[in-house]
There are 2 protein chains.
Amino acid sequence: MSDLGARLRARGKRLTSQRERVLAAVGRLGHGTPDEIADAVGSDGGGALPVSTVYRSLDALSELGLVGHTHVDHRAPSYHLADHATHVHVVCRGCGWVGEVPLSAADELVARIDDRLGFAADAGHAAVHGLCRTCREDP
Amino acid sequence: MSDLGARLRARGKRLTSQRERVLAAVGRLGHGTPDEIADAVGSDGGGALPVSTVYRSLDALSELGLVGHTHVDHRAPSYHLADHATHVHVVCRGCGWVGEVPLSAADELVARIDDRLGFAADAGHAAVHGLCRTCREDP
DNA sequence: TTGAATGCAAAAAATTTGCATATTG
DNA sequence: CAATATGCAAATTTTTTGCATTCAA
């Protein structure tokens, strides 16, 4: 898997230390907004990066399929390594609680989507909203 | 269904013409960003509303569960009537194409989430990302 | 009346862009 | 060397807030 450099080059892009550091930071964080990722990069001992570079790096890495993102709440795209997406996120509309279930829980849905549309769904990038145990009982 | 006024009052909120107009605009539009909704409200003959009021109205209506939203792309939350959410959206990461499958396709997933977490998932508010028929074959 | 909601304008966030300079291949 | 990225600052875009005023209940 993956010579980052080769994959970038294959797309006419280049391997830079910034992109390596952003990728590493995403891996370290698990999940993070562009801002949090910028902070994480800043604490790897290599000096801070401007947010604009973080955005551009995330774009580049997304194009390669190395990182993905979900919208956990209204405002923040949360990036993660593509291979970290091993579960479906659920987000409570009431209290904001975030939980997860194994990706396999979505097998049936993924199969049905493929049947009907020929679409390769990546459930690991989905955030399902709803109400958690507590909020569904409450008013 | 519902008496909008009653539902609002039940939460200590009030029925205002602005909220009625925002709700109507969302219904007319089907889907729309706060900005588009503001425009739509502006063309109902009742004069424009400041975006801040649109945001606040959408919040209020969301709390009542009358409107919901999905993140169709990176940047835009797309609001819709809650009862319009009768399908699961799929969004192609490659070309941005948006499709949908019946909500029932997610029954199994919803059941599993309930089993494991006691969480009431609302699949109609989920956008599943992936690759469409065309993009999955292509580079 | 009285607290909730609006309108407006200003503030805060979040994201993108222009351009000279530095780097990769 | 040539094309791609970076850094930085400024410009956009999106969302939120403060506050005096209006309005629903």
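Every chain is numbered from 1, with letters handed out A, B, ... down the list of sequences.
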Salt-bridge criterion met for B:D114 and A:R133 (N-O under 4.0 Å):
no
For B:T16 and C:dT6, is the shortest distance between a side-chain N/O and OP1 or OP2 below 4.0 Å?
yes
Which residue lies more 5' along DNA chain D, comparing A:L49 with B:R56 via nearest heavy atoms
A:L49
Measure from CZ on B:R11 to C1' on D:dA25 and round the result to the nearest Å.
19 Å
Assign B:R9 to base, sugar-phosphate, or nothing according to its heavy-atom contacts below 4.0 angstrom with the strands shown.
sugar-phosphate
B:D59 CG - C:dA4 P separation (whole Å)
16 Å
Rounding to a whole Å, what distance do you find between A:D35:CG and C:dT16:P?
13 Å
SB check A:R112 A:E108 (cutoff 4.0 Å):
yes
Contact class for A:R19 (heavy atom, under 4.0 Å): base, sugar-phosphate, or nothing?
sugar-phosphate
Taking only N and O in the side chain of B:Q18, is any of them less than 4.0 Å away from OP1 or OP2 of C:dG7?
yes
What integer distance in Å separates B:E20:CD from C:dA5:P?
14 Å
Write down the distance between NZ (A:K13) and P (D:dA2), rounded to a whole number of angstrom.
22 Å
d(B:L8 CG, B:L61 CG) to nearest 0.5 Å is 7.0 Å
Are any of A:T53's side-chain N or O atoms less than 4.0 Å away from OP1 or OP2 of D:dG7?
yes
Is there a path from A:L23 to A:V54 through hydrophobic residues (I, L, V, M, F, W, Y) whose side chains come within less than 4.5 Å of each other?
yes
Which of these nucleotides, C:dG7, C:dT15, C:dA4, is closest to any side-chain atom of B:R14?
C:dA4
Taking CD from B:E36 and C1' from D:dT14, how many angstroms apart are they, rounded to a whole number?
13 Å
Of B:S52 and B:S17, whose nearest nucleotide on DNA chain D comes first from the 5' end?
B:S52
Starting at atom CG of A:L23, determine the distance to atom P of D:dA5, rounded to an integer number of angstrom.
16 Å
Answer yes or no: does a side-chain N or O of B:Y55 lie under 4.0 Å from OP1 or OP2 of D:dT16?
no
So OH of B:Y55 and CD1 of B:I37: to nearest 0.5 Å the spacing works out to 9.5 Å
Distance check needed: D:dA3 C1' versus A:L8 CG, whole Å only.
15 Å
